[in-house]
Protein chains: 2
Amino acid sequence: MKKESTTRYAILGLLTYRSGSGYDLKQAFHKPLGYFWDESYGQIYPALKQLLAEGSVKLVSGDSPGRREKKVYAITPKGEKELSVWLAAPTQADRPRLEVLLKLFFSQDGEVSIPLGHLRDVETRHQKLLEEYAAIERLLLGLPQQGHTPFQLITLRCGIRQSEAMAAWARESMALLEGGILSETARPPEGRKN
Amino acid sequence: MKKESTTRYAILGLLTYRSGSGYDLKQAFHKPLGYFWDESYGQIYPALKQLLAEGSVKLVSGDSPGRREKKVYAITPKGEKELSVWLAAPTQADRPRLEVLLKLFFSQDGEVSIPLGHLRDVETRHQKLLEEYAAIERLLLGLPQQGHTPFQLITLRCGIRQSEAMAAWARESMALLEGGILSETARPPEGRKN
DNA sequence: CTCAGCATGTAAGCTGTTACATGATTCC
DNA sequence: GGAATCATGTAACAGCTTACATGCTGAG
């Protein structure tokens with residue numbers, strides 16, 4: 001049962017958008033994908049090496065003559081096939097590990113300021129994320145239709161939904177802890193729509 | 001910069017609830033905590049060994065005479081101190097890695113049935129989770145006040161919010177893909193090459 | 001008797017991060 | 001000249017999973 005690291009597929013997927021070097025890939029992971037996926041150089045370069053050895057990727061370098069010899073990789077038909085197999089395979093739930101929930105779960109009743117601080121952090125973090133998402137959404141929607149796929153919009157919306165949920169949860173939980181009224185009225189209506 | 005594996009704190013935290021063996025801890029990770037944290041035996045036993053060596057945990061075994069010699073661990077004052085330091089430290093954002101988003105992001109416009117299947121999986125998975133959460137919530141709220149801490153309720157609510165958000169997002173995205181509201185125009189260009 | 005559950009642990013191996021080593025080019 | 005950025009890689013280590021090895025007890 002080979003675990004088949006996801007890194008290789010992330011690389012192959014990016015290369016279907018455009019060919020690029022290890023450095024380019026890392027940049028791509030930083031900018032648009034970084035919100036839900038990231039890889040370090042320590043993953044990327046060895047993975048590229050292996051993909052090259054297996055023929056899922058080929059070198060098309062030689063361009064950009066000025067710099068140090070940039071190695072530009074492109075996906076091969078074999079790589080495309082491999083990717084499409086992976087794309088079609090069902091994804092099983094990845095175990096969520098939310099460290100902040102561990103901290104809250106183990107908090108003591110008396111000392112409420114510490115968990116409140118954690119919740120505040122969560123709220124500001126996701127509020128900030130929401131601003132970034134909104135900027136990206138404006139950008140995508142402002143583009144002509146061929147500038148984006150529905151899938152880019154969909155992944156973005158996932159981040160937005162998640163961050164909205166986390167921010168709302170953090171606010172709700174802070175109120176609960178501050179008010180100290182916990183059992184009688186479990187929660188105000190607060191209808192999430194859809 | 002020691003990363004200080006979270007495993008040790010998860011163990012210490014559980015031991016503040018009640019003493020137990022490695023096996024007991026694993027069960028605890030399975031049942032109530034499993035929704036947002038999990039550890040394998042391969043993590044737990046070595047961690048317990050190390051915690052014992054460091055004096056953050058002590059053996060209080062000797063009970064349950066029938067079985068194979070069950071090693072029951074309890075947290076020590078030193079362990080409690082260590083835990084409270086960790087509890088107070090701010091949590092930094094853990095990079096989310098959502099494999100299903102990768103798959104959606106790399107999907108091709110034409111073949112819509114595959115991403116639809118992934119979204120359907122997400123929806124049913126979180127719908128099922130929501131049912132489990134609801135059962136736990138009923139259980140917690142039905143208990144007398146000392147039966148639960150507000151923190152247990154808070155962590156549970158986080159799971160609920162998250163799953164609501166994911167299920168809603170999946171439904172919304174399926175509608176978008178099926179309706180083709182924007183895919184009708186966004187199809188032909190398809191600029192994919194170097 | 002057999003199977004499920006209780007119970008402890010180890011070893012191999014993959015995944016992933018961080019720090020390090022190296023060097024070119026561009027802009028100030 | 002110096003800093004930032006481009007660019008490629010390796011080595012050491014930490015985290016984590018999986019498979020394996022072992023053996024008990026109770027229920028059917």
Please give, in whole Å, the distance from [N] [atom2] to [X] [atom1]?
{"X": "B:Gln43", "N": "C:dT10", "atom1": "CD", "atom2": "P", "result": "14 Å"}
{"X": "B:Glu99", "N": "C:dT15", "atom1": "CD", "atom2": "C1'", "result": "13 Å"}
{"X": "B:Asp38", "N": "D:dT17", "atom1": "CG", "atom2": "P", "result": "7 Å"}
{"X": "A:Trp37", "N": "C:dT15", "atom1": "CH2", "atom2": "C1'", "result": "11 Å"}
{"X": "B:Lys70", "N": "C:dT8", "atom1": "NZ", "atom2": "C1'", "result": "12 Å"}
{"X": "A:Arg8", "N": "C:dG16", "atom1": "CZ", "atom2": "P", "result": "13 Å"}
{"X": "A:Gln27", "N": "D:dA4", "atom1": "CD", "atom2": "C1'", "result": "13 Å"}
{"X": "A:Leu48", "N": "D:dA7", "atom1": "CG", "atom2": "P", "result": "14 Å"}

## Note on the structure
Residue set satisfying salt bridge (Lys or Arg N to Asp or Glu O under 4.0 Å) with A:Asp38, at least two apart, ordered chain then number -> A:Lys26

#### Entry: With A:Glu111 via salt bridge (Lys or Arg N to Asp or Glu O under 4.0 Å) - residues at least two apart
none

Is there side-chain contact between [X] and [Y], with at least one heavy-atom pair below 4.5 Å?
{"X": "A:Thr149", "Y": "A:Ile154", "value": "no"}
{"X": "A:Met166", "Y": "A:Arg125", "value": "no"}
{"X": "B:Tyr133", "Y": "B:Ser163", "value": "yes"}

Do the side-chain N or O atoms of [X] get closer than 4.0 angstrom to the phosphate oxygens (OP1, OP2) of [N]?
{"X": "A:Thr7", "N": "C:dG16", "answer": "yes"}
{"X": "B:Tyr23", "N": "C:dT8", "answer": "no"}
{"X": "B:Ser21", "N": "C:dT8", "answer": "yes"}
{"X": "B:Ser40", "N": "D:dT17", "answer": "yes"}

## Note on the structure
Of C:dT15, D:dT8, C:dA7, the nucleotide closest to the side chain of B:Asp24 is C:dA7

### Message
So if I take every side-chain heavy atom of B:Arg97 and compare against C:dA7, D:dC16, C:dG16, which nucleotide ends up nearest?
### Response
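Between C:dA7, D:dC16, C:dG16, the one nearest the side chain of B:Arg97 would be C:dG16.
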
### Task
Please identify each residue that fulfils ring-ring contact (aromatic ring centres under 6.0 Å, His included) with A:Tyr45, with sequence neighbours left out.
A:Tyr41

### Query
Of all residues at least two apart in sequence or in a different chain, which pass the ring-ring contact (aromatic ring centres under 6.0 Å, His included) check with B:Tyr23?
none

### Task
Would you mind reading off the bend of the helix from C:dC1-D:dG28 to C:dC28-D:dG1 from its two end axes, five pairs each, to 10 degrees?
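Inter-axis angle at the termini of the helix from C:dC1-D:dG28 to C:dC28-D:dG1: 20°.
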
### Query
Is a side-chain donor or acceptor of B:His118 paired with a backbone partner of A:Leu87 at a separation under 3.5 angstrom?
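Yes, because the side chain of B:His118 sits within donor-acceptor range (under 3.5 Å) of the backbone of A:Leu87.
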
### Query
Is B:Arg120 salt-bridged to B:Glu123, cutoff N-O under 4.0 Å?
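Yes.
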
Protein N or O to nucleotides 9-12 of chain D N or O, pairs below 3.5 Å:
{"unit_1": "D:dG9", "atom_1": "OP1", "unit_2": "A:Lys71", "atom_2": "NZ", "d": "2.5"}
{"unit_1": "D:dT10", "atom_1": "OP1", "unit_2": "A:Lys49", "atom_2": "NZ", "d": "3.2"}

